[in-house]
Amino acid sequence: MEKETTRSNFTGKIGFVLAAAGSAVGLGNIWRFPYLAAKYGGGIFLLVYIILAVTFGFALMTAEIAIGRKTGLSAIGAFKRLDKRFSFVGWLAAIVPAIILPYYSVIGGWVIKYLYAFVSGGAMDAAQDAYFGGFISSNAEPVFWFMLFIGATALIVLAGVEKGIEKVSKIMMPVLVVLSLVIAIYSVCLPGAIEGVKYYVLPDFSKFSATTVLAAMGQLFYSMSLAMGIMITYGSYMKKDVNLESSVTQIEIFDTGIAFLAGMMIIPAVFVFSGGTPEALGKGPSLMFVTLPKVFESMAGGTVIGIIFFLLVLFAALTSSISLMETVVSIVCDKAKIGRRLACLVVFVGSVLLGLLSTLGYGVWAEVKIIGMQFLDFFDFISNSVLMPIVALCTCVFVGYFLKPQAIVDEVEVSGKFKRKGIFTVVIKYLAPICIVLILISSVLDAFGVFKI
């Protein structure tokens, strides 16, 4: 038997939804969503994303949470319990968070560094062009901030599901929403911001294309913590009397709402201070660490706004890193049959060792590259562009044609009527597999410069 004799649980629906939403809401919502929205037509990208969220995202998240609750196991044990032929899917899903956690924590350390810079009066320095590059290319300082971030994550996970993850999520998620609203309102009220608002919320159908759909699908895929074993793990902590369908809906609302507010924070502000050029809006990570500090430095009261913003980003990063580590810890507990404390220590040490590659990959090991990529970029490519689509595709094939959708429907209906079971069945069997194959192919071709998304 794979199941633990005493498995932790969330106390109820609110705790589960906030923890799972905290997992979904992360750095991808804060910086990746806004620059993709800007690059692919603003309002039309937003519309496509929302449509995909209530179809593709809903179906895959429902399937993963239901698998977790049905088996009471983390990813490896869950797939093995349901069909031994698909045990490999659980192992692939387990590898994803183990790869993501270390480099994600490196970026989380960068966030703490910028928060510290604004708090300590270094906002003007942080706005300089060379500041970010100089920081990440140094050796000792990035390691310090990385260790601080992953150490905080480990302490919360060590406290357990109810006393650690659930309690922190109940505090962080409402604060995250409030801070997002404050900055979004401030950004929208800037002189000249209305053009950015129009671009962001009004769909321009002339800008619709296949790449818009692929980009929106890819963002949804990464944003909602799908195909990482996370939702299976959290589902295993979910009580049978918690309504699964409405929980998934509420998680989606949280995730999409924060992503929308992130666009409202960033796109109008960049329109005001940088003219809304594609170059200014398409910088990816540097949009947050290079462009936005310039925006804050130019604002009246920008230091305070900068502190609030990076505090918000830190909360978002922490809620996601907690779920990543919890997933790996849960798997180690299940497979190694060891206690939670020892599992946390093992995962922490392993993540630190792997994370050092990413944090020093811009410094002393900058010349060492894998298929032309620095360590952090390589880990991101392997996890996000290769493993996650493969896991999602295998999950859809498994649920659609081996386990059968009715098994998921039955699990959902343990806690209430499954109102969208028709949409779920069609998407999981037919639409999602096709879309995931397209994402996988386009992502790999994009990485090698053959096709640009």
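Since the structure is predicted, the reported quantities are computational estimates derived from the model, not experimental observations. Values below: all heavy atoms of this structure, side chains included; hydrogens, waters and symmetry mates excluded.
- In this structure, the ring of Tyr114 has its center less than 6.0 angstrom from the ring center of Phe310.
- Residues Tyr362 and Ile136 come closest through the heavy atom pair CB-O, 3.3 Å.
- Expressed to the nearest 0.5 Å, how far NZ of Lys70 lies from CG of Leu403 amounts to 6.5 Å.
- Residues Leu312 and Ile30 have side chains in contact (heavy-atom distance under 4.5 Å, counting atoms from C-beta outward).
- To the nearest 0.5 Å, atom CE of residue Met61 and atom OG of residue Ser247 are 10.5 Å apart.
- In this structure, Ile150 and Phe146 have side chains that are in contact, with non-hydrogen atoms separated by less than 4.5 Å.
- The two residues Ala63 and Ile428 have their closest heavy-atom pair at CB-CD1, 4.2 Å.
- Put simply, the side chain of Val399 reaches to within 4.5 Å of the side chain of Ile67, judged on heavy atoms.
- For the pair Val111/Phe289, a side-chain contact is recorded, criterion being any heavy-atom separation below 4.5 Å from C-beta on.
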- Message: Before you tell me yes or no, could you show the steps for Phe88 and Phe79 under ring-ring contact (aromatic ring centres under 6.0 Å, His included), namely the whole-Å CA-CA distance, both residues' side-chain angles and the distance that decides it to 0.1 Å?
- Response: CA-CA 8 Å; Phe88 74 96; Phe79 279 100; 8.4 Å; no
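- Relative orientation of the Phe398 and Phe86 rings is tilted, given thresholds of 30° and 60° on the angle between their planes.
- The OH atom of Tyr49 sits 4.5 Å away from the OG1 atom of Thr256 when rounded to the nearest 0.5 Å.
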- Candidate pair Leu202 and Ile44, rule side-chain contact (heavy atoms from CB on, under 4.5 Å), full reasoning: CA-CA 7 Å; Leu202 298 179; Ile44 190 63; over 6 Å; no
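- How far CG of Leu220 is from CG of Leu36: 12.0 Å, rounded to the nearest 0.5 Å.
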- Task: Could you check Phe381 against Ile371 for side-chain contact (heavy atoms from CB on, under 4.5 Å), going step by step and ending with a plain yes or no?
- Result: CA-CA 11 Å; Phe381 167 70; Ile371 59 172; 4.1 Å; yes
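- A pairwise comparison of heavy atoms in Ala117 and Tyr131 identifies CB-OH, 3.7 Å as the closest pair.
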- Query: Would Ile436 and Met217 count as a side-chain contact (heavy atoms from CB on, under 4.5 Å) if you check the C-alpha gap in whole Å, the side-chain angles of each, and the deciding distance to 0.1 Å?
  - Reply: CA-CA 8 Å; Ile436 294 167; Met217 179 73 75; over 6 Å; no
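- Taking all atoms of both residues into account, the shortest heavy-atom contact from Ser385 to Leu440 is O-CD1, 3.3 Å.
- For Phe58, the ring-ring contact (aromatic ring centres under 6.0 Å, His included) criterion is met by no residue, not counting sequence neighbours.
- Looking at Arg69 and Val414, their side chains come closer than 4.5 Å, going by heavy atoms from C-beta outward.
- Between Met264 and Ile185 there is no side-chain heavy-atom pair separated by less than 4.5 Å.
- Within the structure, every pair that satisfies the salt bridge (charged side-chain N to carboxylate O under 4.0 Å, His left out) test and touches residues 83-104, not counting sequence neighbours, is listed here: Asp83-Arg85.
- The 12-atom threshold is exceeded at CD of Gln406, counting heavy atoms of other residues, nucleotides or ligands nearer than 6.0 Å.
- Between the side chains of Thr327 and Ser330, no donor N or O sits under 3.5 Å from an acceptor N or O.
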- Residue pair Ser246, Thr249: steps toward the side chain to side chain donor-acceptor pair (under 3.5 Å) verdict: CA-CA 5 Å; Ser246 67; Thr249 300; over 6 Å; no
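- For Lys369 against Gly372, the heavy-atom pair with the smallest separation is CD-O, 3.9 Å.
- The shortest side-chain heavy-atom distance between Phe149 and Ser321 falls under the 4.5 Å cut-off.
- A heavy-atom distance below 4.5 Å is not found between the side chains of Pro203 and Leu46.
- Once rounded to the nearest 0.5 Å, the distance linking CD1 of Ile266 with CG of Leu261 reads 11.0 Å.
- Legend: salt bridge (charged side-chain N to carboxylate O under 4.0 Å, His left out) pairs involving residues 414-435, not counting sequence neighbours, sorted by first then second residue: Glu245-Arg420, Glu413-Lys421.
- Taking the six-membered ring where the residue is Trp, the centroids of Phe132 and Trp110 are separated by under 6.0 Å.
- Taking CG of Leu324 as the reference point, atom OG of Ser105 lies at 7.5 Å (rounded to 0.5 Å).
- The only option from Tyr186, Phe118, Phe296 that meets the ring pair (Phe, Tyr, Trp, His ring centres under 6.0 Å) definition with Phe309 turns out to be Phe296.
- For Lys240, the salt bridge (Lys or Arg N to Asp or Glu O under 4.0 Å) test picks out Glu411, with sequence neighbours left out.
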- How far apart are the C-alpha atoms of Ile100 and Asn384, what are their side-chain angles, what is the distance that settles it, and do they pass the side-chain contact (heavy atoms from CB on, under 4.5 Å) test? CA-CA 9 Å; Ile100 293 177; Asn384 284 340; 3.9 Å; yes
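- In this view, Phe45 and Phe33 satisfy the ring-ring contact (aromatic ring centres under 6.0 Å, His included) rule, not counting sequence neighbours.
- Between Gln374 and Gly361, the shortest heavy-atom distance links the atoms NE2-O, 3.4 Å.
- Residue Tyr40 forms a side chain to side chain contact (heavy atoms under 4.5 Å, CB included) with just one option from Val213, Thr212, Val48, and that option is Thr212.
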- Task: Show the numbers, then the answer: is there a side chain to side chain donor-acceptor pair (under 3.5 Å) between Glu326 and Tyr237?
- Result: CA-CA 11 Å; Glu326 172 59 29; Tyr237 300 144; 2.4 Å; yes
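- Looking at residues two or more places apart in sequence or on another chain, you find no ring-ring contact (aromatic ring centres under 6.0 Å, His included) involving Tyr104.
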